[in-house]
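Letters A, B, ... mirror the listed sequences (proteins, then strands); counts begin at 1.
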Protein chains: 2
Amino acid sequence: MVRQPSINAQNRPPLTTDRIIESALHIVDGQGLARLTMRRLGDALEVEAMAIYHHLPRGKEQLLDHLVAHVGAMPADAPGGGGWRGGLMAWAHAYRTRLLDHAGVLPLLVTHRNPAALAGTLASLREHLRLGGVPERTAAVAAHSLLGFVIGHVALEVRDTRGDVRAEPGEPPVDWEARFGAALELVLAGVNPG
Amino acid sequence: MVRQPSINAQNRPPLTTDRIIESALHIVDGQGLARLTMRRLGDALEVEAMAIYHHLPRGKEQLLDHLVAHVGAMPADAPGGGGWRGGLMAWAHAYRTRLLDHAGVLPLLVTHRNPAALAGTLASLREHLRLGGVPERTAAVAAHSLLGFVIGHVALEVRDTRGDVRAEPGEPPVDWEARFGAALELVLAGVNPG
DNA sequence: ACCTGAACACCGTTCAAGT
DNA sequence: ACCTGAACACCGTTCAAGT
C-alpha cells in the first residue's frame with residue numbers, strides 16, 4: 001500500500017455539488033422526500049449541514065431544483081430504425097422507469113419549481129415528432145400530450161402500488177407495465193403525420 | 001338585534017372537521033402548501049393548534065389525506081346527450097379546472113398518500129366508458145390513460161405558467177386552455193367502441 | 001476557500017391540565 | 001368532550017469564528 005502524499009487528514013473526498021445531489025437523491029430514493037433534511041444530508045456526507053450552503057447558497061430550494069433537473073431531464077433521440085412512433089414508445093418506457101425509480105421526487109415535478117427543468121425534454125419530443133413528419137402544430141400538442149400522459153400515469157401507478165401489498169377483495173392487481181404500454185399505444189394512435 | 005340564548009362565550013362557531021379542511025384548503029390555495037402549518041391553521045380557525053388533533057387524531061398526515069380526497073374525488077356522470085365522448089371531454093375540462101384551482105395540492109396527488117382518494121373517480125370513468133359501449137378491457141386502459149393525461153397535463157401547465165409572467169424571447173406563450181383541448185381530443189381519438 | 005459551532009425562529013406532536 | 005399551555009425533539013438558515 002503506497003500512501004498518497006498530502007492526503008486529507010480526515011481521509012474523505014472533497015465536498016462537491018455533484019456529491020451533494022447524488023447523496024440527496026440516494027436519501028430520497030431510500031427513505032422518501034420527507035426525510036431529506038439538510039442535517040441528515042450533512043451526516044450522509046460526513047460533514048456539518050452548514051457546509052452544504054457553501055456549494056448551494058440558496059440552500060434546500062436549490063437542492064430540490066437540482067433534483068428536479070436530474071430526474072426530469074431526459075431528451076428523446078432523433079427517430080431511428082423503429083420509426084418515430086417506435087422511438088417515442090422506447091423513450092416513454094425509459095422515462096417511466098426513471099420516474100418510478102425516483103418516485104420520491106415526483107411531487108417536486110408537479111410544481112413551479114425549476115421551470116426550465118423539463119423544457120429540454122419537451123423540445124426534444126417536439127423535434128422527434130417534427131423529424132418524423134408530424135406537422136409543427138400537431139407536434140407541439142402531441143409532445144405535451146405524451147409527456148403529460150407519462151407523468152400522470154406514473155402518478156397513478158405510484159398511488160396504487162407503493163406501500164404494503166394488500167390483496168383487494170374484488171379486483172385483481174393491475175399489471176402496470178402492460179397497462180402503461182396499452183395506454184401509451186392508445187395515446188400515440190391519435191397522432192397522425194401529415 | 002335579538003341575542004341568541006346560550007351563545008358561545010367566545011362567539012365563534014364550533015370547530016368541526018369540515019371547517020378545518022376548508023380553512024386548510026384556503027391557506028394552500030392562497031399561500032401554497034409549504035405555508036400550511038398546524039400553528040397557522042390554528043390561527044386561521046382562532047384556536048390553539050393542538051385543538052385540531054382532537055378532530056384529526058393522526059394530525060397533519062390525516063389533514064393532507066383529506067385535502068387529497070377533497071380535490072381528487074370527482075366522478076364522471078353517466079353518458080348523456082353529448083354521447084360518451086362528449087361526456088368525458090366535459091368531465092376532463094372540469095377536472096382540469098378543479099386541479100388548477102387547487103394546484104397547491106397537486107404534489108400530494110402524485111404520492112401514495114390516501115390511495116383510495118382517486119379510486120371512485122377512476123371507477124366512474126370506467127363505468128362511463130362501459131355504458132358508452134367500450135369493451136371492459138379497453139375501458140380500464142382508457143380510464144387510466146385519461147385520468148393520467150389530465151393530471152400530467154395540468155402538471156405541465158402549472159410548471160410553465162405559475163409565477164411571474166416573463167416574456168420568452170423565442171416562443172410565444174402557450175394558450176393552455178386550447179392546448180389542453182387539442183391534446184384531449186388526441187387522447188380520446190384512440191379510444192374505439194366495440 | 002472551505003468548513004464548524006452556536007444560535008434563532010420556526011416546525012409537528014405529547015402530555016398533563018383546565019373547563 | 002373539547003380545548004389550552006408548556007415542553008420536546010426536530011427543522012432551515014444566519015453569522016461569527018476557525019483553518
Side-chain angles (χ1 to χ4, degrees), chain A residues 5-25 27-28 30-68 104-105 107-108 111 113-114, chain B residues 5-28 30-68 104-105 107-108 111-114:
Chain A
S6 76
I7 206 166
N8 190 316
Q10 285 100 325
N11 204 22
R12 69 185 179 194
L15 196 58
T16 63
T17 304
D18 280 348
R19 283 190 61 229
I20 294 172
I21 312 295
E22 178 191 28
S23 191
L25 199 60
I27 291 175
V28 173
Q31 311 183 243
L33 187 59
R35 288 188 61 83
L36 175 64
T37 71
M38 298 302 272
R39 283 168 156 99
R40 240 188 295 263
L41 182 55
D43 283 351
L45 292 161
E46 289 178 293
V47 115
E48 292 296 315
M50 295 70 203
I52 299 168
Y53 287 82
H54 203 269
H55 300 263
L56 302 174
R58 271 177 40 246
K60 196 173 186 181
E61 290 289 313
Q62 194 171 359
L63 175 65
L64 299 183
D65 284 355
H66 270 111
L67 292 186
V68 170
V105 311
L108 303 177
T111 309
R113 179 186 309 285
N114 196 354
Chain B
S6 74
I7 206 167
N8 191 314
Q10 285 101 324
N11 205 24
R12 70 184 178 193
L15 195 59
T16 62
T17 303
D18 280 348
R19 284 190 60 230
I20 294 172
I21 311 296
E22 177 192 28
S23 191
L25 198 60
H26 186 258
I27 292 175
V28 172
Q31 312 183 241
L33 186 60
R35 288 187 62 82
L36 175 63
T37 70
M38 298 303 272
R39 282 167 156 101
R40 238 188 297 264
L41 183 55
D43 283 351
L45 292 161
E46 290 178 290
V47 115
E48 292 296 316
M50 295 71 202
I52 300 168
Y53 288 82
H54 202 271
H55 300 263
L56 302 173
R58 268 177 41 244
K60 196 173 187 183
E61 289 290 312
Q62 194 172 0
L63 175 65
L64 299 182
D65 284 355
H66 270 112
L67 292 185
V68 170
V105 312
L108 303 177
T111 309
H112 185 56
R113 179 187 309 286
N114 197 354

Peer 1: Does B:R40 place a side-chain N or O at less than 4.0 Å from the phosphate oxygens OP1/OP2 of C:dC11?
Peer 2: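 Answer yes for this pair, as a side-chain N or O of B:R40 is under 4.0 Å from OP1 or OP2.
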Peer 1: Between B:K60 and B:L36, which heavy-atom pair has the shortest distance, and what is it?
Peer 2: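 Here B:K60 and B:L36 meet closest at NZ-O, 2.8 Å.
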Peer 1: To the nearest Å, how far apart are A:E61 CD and D:dG12 P?
Peer 2: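 Taking atom P of D:dG12 as the reference, CD of A:E61 is at 11 Å.
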Peer 1: Let me know the distance between CZ of B:R58 and P of C:dG12, rounded to the nearest Å.
Peer 2: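 One finds 16 Å between P of C:dG12 and CZ of B:R58, rounded.
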Peer 1: Any idea which of C:dC3, D:dG12, C:dT13 is nearest the A:M38 side chain?
Peer 2: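 Shortest atom-to-atom distance from the side chain points to D:dG12.
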Peer 1: Could you grab the distance from atom CD of B:Q62 to atom CD1 of B:I52, nearest 0.5 Å is fine?
Peer 2: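 So the CD of B:Q62 and the CD1 of B:I52 are separated by 11.5 Å.
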Peer 1: Applying the Watson-Crick and G-U wobble criteria at under 3.5 Å, what pairs with D:dA1? Answer none if nothing qualifies.
Peer 2: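 Matched D:dA1 with C:dT19 under the 3.5 Å cut-off.
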Peer 1: Calculate the interatomic distance between A:R35 atom CZ and D:dC10 atom P; express it in whole Å.
Peer 2: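 Taking atom P of D:dC10 as the reference, CZ of A:R35 is at 10 Å.
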Peer 1: Please state how far atom CG in B:L63 lies from atom P in C:dC11, giving the value in whole angstrom units.
Peer 2: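 Whole-Å distance recorded here is 14 Å.
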Peer 1: Between C1' on D:dC11 and CG on A:D43, what's the gap in Å once rounded to a whole number?
Peer 2: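 To the nearest whole Å, that distance equals 14 Å.
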Peer 1: Under a 3.5 Å cut-off for both distances, is D:dT13 Watson-Crick or wobble paired, and to whom?
Peer 2: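 The answer is C:dA7, by the H-bond criterion.
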Peer 1: Checking side chain to side chain contact (heavy atoms under 4.5 Å, CB included) for the pair B:L63/B:L41: CA distance, chi angles, key distance, verdict?
Peer 2: CA-CA 11 Å; B:L63 175 65; B:L41 183 55; 3.6 Å; yes
Peer 1: B:P14 and B:R19: which non-hydrogen atoms are nearest, and at how many Å?
Peer 2: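 That closest heavy-atom pairing would be O-NH1, 3.0 Å.
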Peer 1: Go nucleotide by nucleotide along DNA chain D from the 5' end; which of B:A49 and A:R39 gets its closest nucleotide reached first?
Peer 2: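 Upstream on the strand: B:A49.
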Peer 1: Tell me which nucleotide among C:dC3, D:dC2, C:dT14 gets nearest to the side chain of A:H54.
Peer 2: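 Of all the options, the side chain of A:H54 is nearest to C:dC3.
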Peer 1: Looking at the side chain of A:E48, which of D:dT13, C:dT4, C:dT14 is the nearest nucleotide?
Peer 2: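 Given the options D:dT13, C:dT4, C:dT14, the side chain of A:E48 is closest to C:dT4.
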Peer 1: Among C:dG12, D:dT4, D:dG12, which nucleotide has an atom closest to any side-chain atom of A:T37?
Peer 2: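 Selected nucleotide (nearest to the side chain): D:dG12.
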Peer 1: Rounded to whole angstrom units, what separation is found between the CE atom of A:M50 and the P atom of D:dG12?
Peer 2: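 Those two atoms, CE and P, are 9 Å apart.
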Peer 1: Mind calculating the distance between OH (A:Y53) and P (C:dA7) to the nearest angstrom?
Peer 2: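 So the two atoms are 18 Å apart, to the nearest Å.
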Peer 1: Of the nucleotides D:dG5, D:dC3, C:dC3, which has the atom closest to the B:H55 side chain?
Peer 2: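 Output: D:dC3.
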Peer 1: I need the CZ-C1' distance between B:R19 and D:dC2, as an integer number of Å.
Peer 2: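 Spelled out: CZ on B:R19 to C1' on D:dC2 is 14 Å.
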Peer 1: Surrounding CD of A:Q31 (heavy atoms of other residues, nucleotides or ligands, distance under 6.0 Å), is the total greater than 12?
Peer 2: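 Yes - once you tally the heavy atoms of other residues, nucleotides and ligands closer than 6.0 Å, there are more than 12.
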